[in-house]
Amino acid sequence: MMSSSLPIGIFDSGIGGLSVLHHIRDLLPSEDLIYVSDRDNLPYGSKESRFILERSKYIVEFLIEQKVKAIVIACNTATAVAVSHLRNSYPLPIIGMEPGVKPATANSQNGVIGVLATEGTLVSGKFQSLVQQHANGTDIFYCPCHGWVEAIEHNGATHGKTVELVEQSLKPVLEKGVDTLVLGCTHYPFVKDTIEKVAGSSVTIIDTGRAVARQLQRRLSDEEILSSNPDTGQQRYWCSGSPEKTQKLIAKIQGQPCIVNRLPLPD
Ligand code: DGL
């Protein structure tokens with residue numbers, strides 16, 4: 001039996017998963033959190049499945065060594081590729097995420113939606129079956145958002161070049177007349193303001209970060225391992241490669257200084 005006082009592990013290829021951590025912090029303030037950014041290996045979206053699976057296994061094993069009680073894959077791409085394997089291999093709750101196709105089709109008035117996600121997510125079998133299951137009668141247009149993750153990580157979400165890239169990439173999908181856009185990558189909430197501005201107020205934007213935090217809460221409650229700590233939980237950060245840039249980025253996003261440790265290299 002896991003102890004309720006253990007931390008929750010969260011990982012992504014980079015800072016994208018912080019958009020999910022934010023909802024977890026909000027919903028479960030007393031939980032201790034360990035966040036891993038695999039910055040040295042991003043973007044996952046254009047990498048081979050085998051590589052993403054190897055990295056996901058490595059990070060999950062690292063988190064298990066840190067004695068986490070549950071893991072959130074705060075990355076749509078890694079979930080699409082690795083979640084089944086990880087769930088079959090490790091005996092702790094593993095929460096994944098997927099683009100919000102289901103809520104988007106339910107929300108759409110005109111039956112035309114757009115899905116913004118990485119190439120890796122869009123071509124995955126898991127995503128294809130999600131679409132088959134929920135898209136009945138809805139026209140879905142896809143935007144693989146090439147370069148967004150690198151732009152957000154390296155230039156910043158509000159940098160002129162990032163804004164221009166987002167605007168340009170969205171044009172073809174907006175021209176299809178979508179009334180709902182799915183943010184199918186955890187990096188994209190960081191450019192939500194730009195998306196909203198380009199798409200206009202008639203387009204609804206769907207982000208599944210909150211739903212993932214709720215799913216985590218349900219799982220911890222079912223397993224009776226929700227933290228009973230009366231104080232606010234601690235956050236610890238790890239990343240691959242040099243921690244300096246990640247430390248600056250996370251401090252900027254979280255609005256407070258933080259220490260990022262270097263993830264040990266695989267043997
Ligand atoms: N943030 C990730 C996702 O949700 C991965 C982005 C990437 O590294 O390509 O898909």
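Order of listing sets the numbers, starting from 1, for every ligand and every atom in it.
A donor-acceptor pair shorter than 3.5 Å cannot be found between the side chains of Q217 and R214. For the residue pair Y44/D12, the side-chain donor-acceptor check at 3.5 Å is not satisfied. With hydrogens and angles left out, the side-chain atoms of S37 and T246 include no donor and acceptor closer than 3.5 Å. Remark: the N136 side chain and the T138 side chain contain no N/O donor-acceptor pair separated by less than 3.5 Å.
Protein residues having at least one heavy atom under 4.0 Å from any atom of ligand 1 are D12, S13, P43, Y44, G45, C75, N76, T77, T118, V149, C185, T186, H187, listed by chain and number.
Aromatic rings from W238 and F62 are positioned such that their centres are separated by under 6.0 Å.
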Under 3.5 Å, side-chain donor or acceptor atoms of residues 185-205 against the rest of the protein: list the pairs with distances, not counting sequence neighbours.
| unit_1 | atom_1 | unit_2 | atom_2 | d |
| --- | --- | --- | --- | --- |
| T186 | OG1 | A74 | O | 2.9 |
| H187 | NE2 | G16 | N | 3.4 |
| H187 | NE2 | E153 | OE2 | 2.7 |
| T204 | OG1 | N107 | ND2 | 3.4 |

